[in-house]
Amino acid sequence: MQLAHDEQTGLVTRNQIAERAGVKRPAVSNWARRHKDFPSPVRSGDTELFHEAEITRWLMNRIIPRSQLLEGEQAGTTYADRFLRTSGDRPSAESEVVERTQRIGAEDEKAVDQLMGRLADRVRGPATMADFVNLCLIVMYVRHAEPGRWRRIEHAMSAGQGARDVQSLLRCLGDMAQDALRRNGDRTDMRSSLLQLEPRSWGDLTTAVRTAAGTGVGAFQLVWESFSAREGLQSSEFCSPVGLASLSAALVLTPGQRTSVLDPYMRGGEMLAAAHRHIGGARGTVHGETLDGRLQAVASLYLLHLGVRPKLTSTRSDRWPTNRGHGVDVVLTNPPFNMSDAPGPGRRTGDWPYGSPPQGNDNFAWVQYALGALVPGGRAVVVMPVKAGNSVNTAECEIRRALVRGGAVECVITLPSHLFSATPVPVSLWVLRRAEHPAREGILFVDAQELGAKVRRRRVLRDTDREAITAVVRPWLDGEQCPDGEYAVRAAERGFSAVVVARQVVADEGCSLRPADYLGSGKYGAAPVTAQLLEAGEVVGRTDELLLLERRARESGNGYRTGSGPGGWNEAVLEDLCEIRPGPSYTRLPAAARTADAGVPLVFPQDLVDGRIADETRDRVPWETAERFKTFELLPNDIVCVRTGAQQRPALVSGTQTGWLLSSNVTRLRVRPDAEIDPQYLHAYLGLRYSREWMSHRAAATAAPSLSSAALGHLPVRFPPIGQQRRSVRLLDELGRRADAYASYVSALGRLRAELAEHLLHGSVEPL
């Protein structure tokens with residue numbers, strides 16, 4: 001049974017490696033003995049176990065000899081292909097690694113901020129920022145994808161003597177990157193790019209390398225996004241946000257289904273990475289095209305970094321080739337917006353079944369190119385600027401009409417603005433299908449502009465946003481038979497709007513593909529959704545709750561009277577009242593030990609919200625890891641304070657958070673059994689302005705303020721007899737409930753007013 005558990009945690013034995021790779025057991029031992037870069041084992045008792053992800057990456061470079069190919073395997077098949085194919089329905093460890101790329105920890109964000117700040121300028125010297133970014137990406141690739149080779153880099157940094165070793169270290173990293181790229185058909189000269197760097201010192205270079213190496217898998221794209229924002233890249237250069245790519249993949253891909261996917265404008269490989277994550281490691285083929293060799297190198301490193309063996313090319317001689325060698329099942333692409341045609345043969349050789357695109361704007365050339373790349377019945381998701389949906393250009397309007405009448409347009413989804421780091425332009429997803437005959441008589445229009453969360457200066461599509469949209473759109477695409485109005489109701493339940501419009505109506509009404517034109521924001525369009533008005537009508541229930549609380553308050557009076565002051569109260573320092581326990585050190589519980597999936601939640605400073613711990617935390621640790629950190633677990637009425645970072649209101653642990661663990665950045669307070677103080681009273685006391693200022697002033701004045709346990713222990717606390725403490729807590733709780741009720745009432749009243757305005761001014765309801 002132990003081995004089954006190890007399999008679930010991403011560990012395999014030598015026997016399992018041999019069985020899944022289709023070789024004999026001694027072959028695995030020979031690999032380990034003959035190749036220095038073979039992954040190192042970890043031990044469980046007397047058993048050697050290997051990380052499945054590291055084994056997968058290592059086997060990717062081992063092509064199976066022709067004489068040993070199994071039935072159905074083609075020349076060029078690797079042992080990794082076979083190893084992943086025989087993993088069963090269970091998600092591979094590699095897939096789990098890829099899944100974590102969407103959940104970037106706070107430590108990774110800080111590391112990338114450090115890399116892309118002054119440190120970048122100290123390391124690059126006169127070189128371009130792109131050269132420094134190449135250094136970061138190469139380090140991240142080697143560290144995660146080739147751990148055997150990474151040990152050579154660690155040795156070089158430990159043995160380095162200073163400035164004379166700078167070029168040697170850069171050359172070594174460049175050679176490793178070029179070797180990896182050339183094994184996958186990419187001839188980009190990454191070594192020359194690194195040798196352009198002129199670090200001010202050996203220490204600056206090694207600091208940058210170690211900082212990049214210490215990040216998680218998801219930081220790779222974070223560096224590329226930061227570069228996009230910093231350099232103000234054009235539409236043709238900046239990367240696709242993770243949430244956008246994940247949503248695109250989820251709309252048209254089915255997990256576990258063998259599928260071929262193409263991105264004809266692959267940027268940094270984000271769409272292909274999302275496709276790989278969604279369908280699983282060995283269950284599909286990803287193809288990418290680009291006209292920019294520099295971007296191909298970035299995409300190659302990113303995908304190899306995740307364990308994907310992509311088929312990428314930047315050698316397309318004709319921008320719009322008419323005769324493709326093969327079709328694919330799915331196209332996912334984020335082409336450049338509103339860019340003019342490239343010089344050369346261009347439009348003259350393109351295949352434009354829906355109409356020739358206008359000169360000067362490629363938007364509708366990309367749409368038709370994506371459709372032309374599909375096999376019959378295949379689907380494409382194309383990111384388009386919202387303005388392309390109702391542009392007045394005659395040629396574009398006629399192309400839209402031909403697409404609609406031919407049944408190529410299945411769904412259009414408007415997304416929030418500011419999704420991209422380099423531009424605030426709002427975008428839409430056009431879901432298209434190559435079919436002889438239309439599958440549906442209508443088009444589903446979705447307006448999801450209000451979804452997403454603000455993160456710094458951007459909006460980010462969260463997992464919950466993606467799930468909400470796909471819950472409405474996938475049934476439509478899958479041909480679910482239900483009344484068209486049902487989709488509007490489902491969307492309203494999830495916080496956005498949707499409507500089904502007949503294709504003939506769309507074609508006759510100026511052929512707009514802008515959802516707002518059918519949802520009441522542009523023309524009269526469809527009537528507002530009654531379900532939304534009913535939902536907004538919850539204000540009645542809020543009113544009843546508020547009246548009940550106010551009646552209780554009147555019956556009990558104000559609940560307080562003038563007191564005589566704190567004379568005669570007890571006073572003690574915090575360390576005499578509580579056990580003060582800081583979280584485990586970062587070296588004991590590093591980022592690599594965490595997971596975003598199942599396990600025990602870890603509490604970080606950002607999880608302390610309004611005196612409570614958030615119900616969902618960003619990071620977890622596996623159950624078996626948590627067992628080793630029992631001394632850092634939380635119990636009801638424990639108090640959690642910020643240890644490292646900006647001070648904020650301490651949080652009280654609830655019963656549902658029993659067993660959660662401290663992170664390195666927080667401190668736990670647990671009231672001693674013999675202390676004459678109520679934990680909830682102490683929590684309220686620590687939330688006072690005086691207490692918070694006291695803690696802030698005593699946090700070490702460093703780049704990241706840190707409040708030591710010794711300093712925190714000297715915080716003076718004054719408190720009355722235990723009965724008065726508890727009465728004070730009850731009164732504060734009652735006032736808190738009333739404040740929450742008022743806030744809910746105001747929010748519900750605002751929603752009712754906004755929704756009622758839509759109905760009153762549309763005529764679907766009348767005032768009494």
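Values in this document were obtained by computation on a predicted structure and should not be read as measured data.
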Mind running side-chain contact (heavy atoms from CB on, under 4.5 Å) on Asp131 and Leu194 for me, showing each step along the way?
CA-CA 6 Å; Asp131 294 321; Leu194 294 197; over 6 Å; no
From CA spacing to verdict: side-chain contact (heavy atoms from CB on, under 4.5 Å), Ile63, Tyr79
CA-CA 6 Å; Ile63 296 176; Tyr79 284 108; over 6 Å; no
Decide side-chain contact (heavy atoms from CB on, under 4.5 Å) for Ser417 and Gln449; before the verdict, give the C-alpha distance in whole Å, the side-chain angles of both, and the deciding distance to 0.1 Å.
CA-CA 7 Å; Ser417 60; Gln449 294 182 80; over 6 Å; no
For a side-chain contact (heavy atoms from CB on, under 4.5 Å) check, start with the C-alpha distance between Leu429 and Met384, then their side-chain angles and the critical distance, and finish with the verdict.
CA-CA 6 Å; Leu429 293 182; Met384 294 284 280; over 6 Å; no
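Nearest heavy atom pair, residue Ala370 against residue Ala380, reads CB-CB, 4.3 Å. Ala213 and Arg143 make their closest contact through O-CG, 3.5 Å (heavy atoms, listed as atom of the first residue, atom of the second, distance). Residues Trp366 and Pro264 approach most closely at CZ3-O, 3.9 Å, considering heavy atoms. Shortest non-hydrogen contact noted between Ala245 and Ala274 is O-CB, 3.4 Å. Among all heavy-atom pairs drawn from Gln167 and Leu197, the shortest one is NE2-O, 3.9 Å. Residues Ala212 and Val139 approach most closely at CB-CG1, 3.8 Å, considering heavy atoms.
Side-chain atoms of Met157 and Leu205, non-hydrogen and from C-beta on, never get closer than 4.5 Å to each other. Contact check for Cys136 versus Val133: no side-chain heavy atoms found under the 4.5 Å cut-off. Residues Thr207 and Gln114 have side chains in contact (heavy-atom distance under 4.5 Å, counting atoms from C-beta outward). With a 4.5 Å cut-off on side-chain heavy atoms, His287 and Val328 count as touching. No side-chain heavy atom of Leu461 sits less than 4.5 Å from a side-chain heavy atom of Arg466. Taking 4.5 Å as the limit, some side-chain heavy atom of Asn363 sits within range of a side-chain heavy atom of Pro385. With a 4.5 Å cut-off on side-chain heavy atoms, Gln647 and Leu707 count as touching. Inter-residue side-chain proximity for Leu247 and Val381 is flagged as unmet; no heavy-atom pair is nearer than 4.5 Å.
In this structure, the separation between CD1 on Ile55 and CE on Met60 is 13.5 Å, given to the nearest 0.5 Å. One distance of note links CG of Asn334 with OG of Ser248; it measures 8.0 Å at 0.5 Å rounding. Expressed to the nearest 0.5 Å, how far OH of Tyr369 lies from CG of Asp362 amounts to 12.5 Å. Rounded to the nearest 0.5 Å, atoms CG (Leu272) and CZ (Arg267) are 12.5 Å apart. Interatomic distance, Ser193 OG to Leu170 CG, rounded to the nearest 0.5 Å: 10.0 Å. In this structure, CG on Leu119 lies 10.5 Å from CZ on Arg200, to the nearest 0.5 angstrom.
With Asp175 contributing its side chain and Cys172 its backbone, the two residues share no donor-acceptor pair below 3.5 Å. A donor-acceptor pair is defined here as one N or O able to donate and one able to accept, closer than 3.5 Å; no such pair exists between the side chain of Thr56 and the backbone of Ala80. Side chain of Asp465 to backbone of Arg462: a donor-acceptor contact under 3.5 angstrom is found. Side chain of Arg643 to backbone of Gly583: a donor-acceptor contact under 3.5 angstrom is found. In this structure, Gln648 contributes its side chain and Pro605 its backbone to a donor-acceptor pair below 3.5 Å. Checking side-chain atoms of Thr625 against main-chain N and O of Val621 turns up no donor-acceptor pair under 3.5 Å. The backbone N or O of Met266 sits nowhere less than 3.5 Å from a side-chain atom of Glu289 that would complete a donor-acceptor pair.
Within the cation-pi definition used here (under 6.0 Å to the ring centroid, within 45° of the axis), Arg62 qualifies as a partner of Trp58.
A donor-acceptor contact under 3.5 angstrom links the side chains of Thr78 and Asp81, judged on distance only.
Between Trp150 and Tyr141, the gap from one ring centroid to the other reaches at least 6.0 Å.
Under a cut-off of 6.0 angstrom, the local environment of CZ in Arg149 is crowded, with over 12 non-hydrogen atoms contributed by other residues, nucleotides or ligands.
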